Each structure stands twice: as structure tokens, then as C-alpha cells.
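Below: the structure, in C-alpha cells.
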Protein chains: 2
Amino acid sequence: MSWSRQGRKRRGYHHGNLRETLIAAALDLIAEKGPAGFTFAEAARLAGVSPAAPYRHFRDRDALMADVARRGFERFAAELARAWDEGRPEPFEALQNTGRAYLAFARTEPAYFTAMFEAQLPPDLDPELARAADQAFAVVRQASETLCARLPKPTRPPSLMVSLHVWAMAHGIATLFARGDAARRALPMPPEDLLEAGLLVYLGGLGLGGDQNR
Amino acid sequence: MSWSRQGRKRRGYHHGNLRETLIAAALDLIAEKGPAGFTFAEAARLAGVSPAAPYRHFRDRDALMADVARRGFERFAAELARAWDEGRPEPFEALQNTGRAYLAFARTEPAYFTAMFEAQLPPDLDPELARAADQAFAVVRQASETLCARLPKPTRPPSLMVSLHVWAMAHGIATLFARGDAARRALPMPPEDLLEAGLLVYLGGLGLGGDQNR
DNA sequence: AGCTCATGTAAAGGGCTTTTACATGAATTG
DNA sequence: CAATTCATGTAAAAGCCCTTTACATGAGCT
């Protein structure tokens with residue numbers, strides 16, 4: 001075919017960087033048209049290769065999706081960890097920062113978020129995927145543990161349970177209200193404020209209220 | 001309700017109840033293979049009609065999905081309302097019942113739940129869909145309002161905010177932990193108990209704690 | 001009985017997925 | 001440096017799905 005150097009990228013018969021290019025194309029397509037709007041064929045088209053070429057790099061469409069999800073969880077974990085910052089300047093505020101980071105990721109990286117939580121991937125597809133997801137949850141887990149440690153032992157709740165509550169509230173707000181563009185419901189306040197208030201009330205209910213948090 | 005040949009083989013050229021049969025087939029397929037595993041063509045096959053027949057009843061595949069989602073929200077709203085039971089026997093317990101109903105619906109009706117929250121339907125597809133969803137949320141809204149009314153005005157939080165927190169926590173737990181089968185994470189307790197504890201802490205944080213709730 | 005129209009079918013165009021056989025050329029090796 | 005290897009590309013094809021169009025059927029009304 002006379003595709004004489006249409007895109008300046010490709011220099012010859014071989015693409016040279018197809019795997020990464022396909023992932024970038026998938027992110028674009030998912031962000032633009034939802035997780036169902038991404039097709040192997042169109043990613044290949046964007047990369048300027050034939051529809052069969054992607055199969056040299058991914059077993060099938062789901063494998064690419066799983067790779068996107070895994071990368072997403074890795075970035076997500078990094079963002080959350082950065083926000084938590086080992087509890088600095090102070091655990092309560094650091095947890096609020098982590099919550100904001102959760103929502104920010106859902107909003108600014110809808111493609112990753114979608115692949116991570118809504119692509120309905122067979123969970124046994126990739127052990128690395130589960131590991132990356134666990135790493136993200138570990139940040140919330142660590143934050144909850146630090147906060148729980150402030151409570152006197154007799155009234156101290158199981159920190160795992162607390163982390164699940166925190167995660168659930170953040171995730172619920174993210175999926176119901178903080179998604180990129182569409183299914184958003186009219187809110188009386190920004191999702192970030194909603195989550196901040198929710199965590200404040202919840203932690204208050206644990207006995208982590210008032211001055212000891214500032 | 002079953003005025004037509006439900007469950008029987010069609011006897012003639014016309015099916016007689018294709019619309020309902022297609023919806024039933026869609027529910028089966030979604031429950032079995034996820035929302036992406038449902039195809040118009042296969043639903044038609046299950047109903048014993050040609051691939052073009054469904055277009056006499058639904059504009060396209062998304063329209064059928066939207067109808068399933070709408071019906072799901074209607075049932076969901078009914079289940080939540082039944083659990084809330086106008087705050088009987090007592091608002092705090094009634095809210096816990098409502099939370100359990102939320103999780104129960106997610107678990108026992110994965111097909112509806114999936115169509116409602118994860119089918120990525122264009123939100124402007126069907127005004128009835130949005131109305132039905134609002135009706136479900138109205139139950140949580142009403143419950144939160146009733147509970148907030150117990151607080152003295154000076155410390156009373158906006159009940160809309162409270163309802164959003166309750167909804168987010170229930171939805172987060174439902175989507176992360178209480179789904180039908182697959183993406184479930186190992187939990188130290190049943191999702192129902194997790195939600196009950198979360199609501200207890202949260203409401204305690206609002207000042208709705210202790211004896212006044214029993 | 002005859003008509004009408006909702007509801008079905010057949011056929012076809014276009015797209016996606018995945019496999020198989022073959023082509024290319026970059027990297028390795030003698 | 002030349003030959004070979006093998007990862008990475010293409011072409012072609014089978015199978016499935018979505019959707020439209022033209023046509024067929026027969027249920028219900030007059």
C-alpha cells in the first residue's frame with residue numbers, strides 16, 4: 001500500500017512502539033466514548049496499523065483493557081499516597097487530602113477510572129491488576145489505621161472496617177456524583193465538599209472530633 | 001398480566017408478547033454474562049424471532065437497556081420504600097432496613113442493578129428513567145429528613161446532604177463489595193453489617209446516637 | 001368479507017473480533 | 001560483513017452483531 005509516511009511516527013514496516021501507542025489510543029477512545037466505545041480495530045486505526053497487529057501485543061481486547069486498568073491503579077495508588085503523604089501535616093487533614101485525590105482522579109482520569117471500576121473485567125485476568133488495586137486500597141487502609149490509633153483502645157474500632165467505610169463513601173461519591181461529565185446529578189455542593197463533610201461527620205462519630213484534629 | 005402466551009411457543013407468524021419476552025431475555029443475558037454480554041440479536045434468538053423483529057418494539061439496543069434500567073429503578077424504589085415503611089417501627093431502624101434493602105437489591109437483581117448504574121446509558125435517552133431514579137433517591141431523602149428532624153435546629157445538618165452521604169455509602173458498599181459474584185473483595189464481615197456499622201457511626205457523628213434511637 | 005396497520009421476515013451493508021498464512025526487516029550470530 | 005532468526009507487521013477470511021429497507025402476514029375493525 002502507498003501509505004507513504006502518512007503519520008510522521010511510523011518509519012517503516014514496523015511501528016516501533018505499537019504497544020504504548022495502542023494504550024494511548026485506548027485511553028483517548030475510552031475518555032471520549034466510554035468503555036464500550038473503545039474498539040481494538042479503531043485503536044489499531046489510530047495507530048496506523050492493520051486490525052490484526054494489536055494481537056502481537058495483547059492476547060485480546062480484554063487484555064488491553066486489563067493493562068489500562070492496571071496502569072490506572074498504579075497511578076491511582078501513587079496519587080493517593082502522594083495526597084496522604086504519610087499523614088503529614090496531620091492525619092485528619094491528610095485523610096481529607098486523600099479523599100480529594102480520590103475524587104480528582106475520578107474526574108481528571110475518567111478513562112483510567114472507567115477501565116478500573118466499570119470495565120467488568122474477569123478478575124482472574126491479571127494477577128498484577130489485583131495487586132495494583134490492593135496497593136491503592138492500602139493507602140486508605142494505612143490512613144485509617146493512623147487515625148484509629150488516636151483513639152483509646154477501649155473505644156477503638158477495627159481499622160479495617162473504618163478503611164472500608166471511608167473507601168465506600170469516597171467511591172460512592174465518585175461514581176454517583178463526580179464522574180467526568182454525564183451522569184452527574186445536581187448537587188448542593190461540589191463533590192469534594194460533600195466528601196469532606198461526610199468524612200468529618202463519620203470520624204466525629206468514631207470519637208475523632210473537635211480540637212484534637214487540628 | 002399474562003393475557004398472552006407467556007412461556008409458550010409462538011403459534012403463528014406474530015409472537016404476541018415480544019416486548020416483554022425481549023426484556024425477560026435481556027435480564028437473563030445481563031445476569032449471566034454482564035451488561036456487555038447482552039445482544040439484541042441473541043435476545044431475539046431466545047424469543048424465537050428474527051434479528052430485525054426487536055426494532056418494532058425498541059428504537060435500538062440502548063432503548064431496550066434504558067427500559068430495563070427504568071423498570072429496575074421502579075422496583076428499586078418500591079423495595080426501598082417497603083423497607084423504609086414510612087419510618088416504622090422507628091426511623092433509625094427503618095433506615096437500617098432501607099440500607100439492607102439497597103444491598104439486597106444489588107445482590108439479588110444484578111441484571112437490573114447493572115443496567116441502572118453501569119450500562120453507561122446516555123442520560124437524555126429517557127426522561128422516565130431519570131424520573132424513576134429520582135423516585136428511588138426520594139426514599140433515602142425522606143428517611144434522612146425524618147432522622148434530621150430529631151436534631152435540635154441549631155445542630156441540624158442539611159437533610160439533603162445527609163441523604164447524599166447515606167446514599168453514597170450504601171452505593172459504595174454495594175458496588176465495591178456486594179455485587180453478585182465476581183469483583184467481590186474479601187471482607188471481615190457481610191456487606192450488610194458493614195453498612196449498618198457505617199451508618200451507625202455516621203449518624204452518631206450527627207448527634208443521633210445512643211438511646212434516643214431505640 | 002375486505003381493509004388496514006402493527007408486527008413479523010429476508011436480505012444486505014458495514015463494523016468488530018479473532019485466526020491463519022505469509023511478509024518484512026531489525027537484531028543476532030558465525 | 002553476510003546469513004539467519006524471529007518479533008512484528010499485513011492480507012484475507014470466518015463469524016457475529018447492529019441496523020435499515022423492502023416485503024409478508026394476519027389480527028382486529030368496519
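Just so you know, these numbers use all the heavy atoms, side chains as well, and skip hydrogens, waters and symmetry mates. The sequence lines fix the lettering, A, B, ..., with proteins before strands; numbering per chain opens at 1. A quick note: this is a predicted structure, and the numbers were derived from the prediction, not measured.
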Summary of protein contacts for nucleotides 18-26 of chain C, nucleotide by nucleotide, where a base hit scores B, a sugar-phosphate-only hit scores S (4.0 Å, heavy atoms): BB-BBBBS-

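Listed for the Glu79(B) side chain is no donor-acceptor partner under 3.5 Å among the backbone atoms of Ala101(B).
Going from atom CG of Asn17(A) over to atom C1' of dG9(D) covers 15 Å, rounded to whole Å. For Lys33(B) and dC17(D), the NZ to C1' distance is 12 Å, given to the nearest whole Å. Residue Leu18(B) contributes atom CG, which lies 8 Å from atom P of dT9(C) at whole-angstrom precision. Separating the CD atom of Glu42(A) from the P atom of dG15(C) is a distance of 11 Å, rounded to the nearest angstrom. Taking atom CZ on Phe58(A) and atom P on dG9(D), their separation rounds to 11 Å, with Å as the unit. When the P atom of dC16(D) is taken as reference, atom CZ of Phe38(B) falls 18 Å away, rounded to whole Å.
Positionally, the nearest nucleotide of DNA chain C for His57(B) lies more toward the 5' end than for the other of His57(B) and Thr39(A).
Neither OP1 nor OP2 of dA7(D) sits under 4.0 Å from any side-chain N or O of His15(A).
In this structure, OG on Ser159(B) lies 4.0 Å from CZ on Arg141(B), to the nearest 0.5 angstrom. Summarising the geometry, atom CG belonging to Leu164(A) is positioned 8.0 Å from atom CD1 belonging to Ile173(B); distances are rounded to the nearest 0.5 Å.
By the 4.0 Å N-to-carboxylate-O rule, Glu42(B) lies too far from Arg61(B) to be salt-bridged with it.
Checking Arg107(B), Gln96(B), Arg100(B) one by one against Glu192(B), the side-chain hydrogen bond (donor to acceptor under 3.5 Å, both in side chains) holds for a single residue, Arg107(B).
Judged as a ring pair (Phe, Tyr, Trp, His ring centres under 6.0 Å), and not counting sequence neighbours, the contacts of Phe76(B) are Tyr102(B), Phe105(B).
Arg45(B) comes within 4.0 angstrom of the backbone, heavy atoms only, and of no base.
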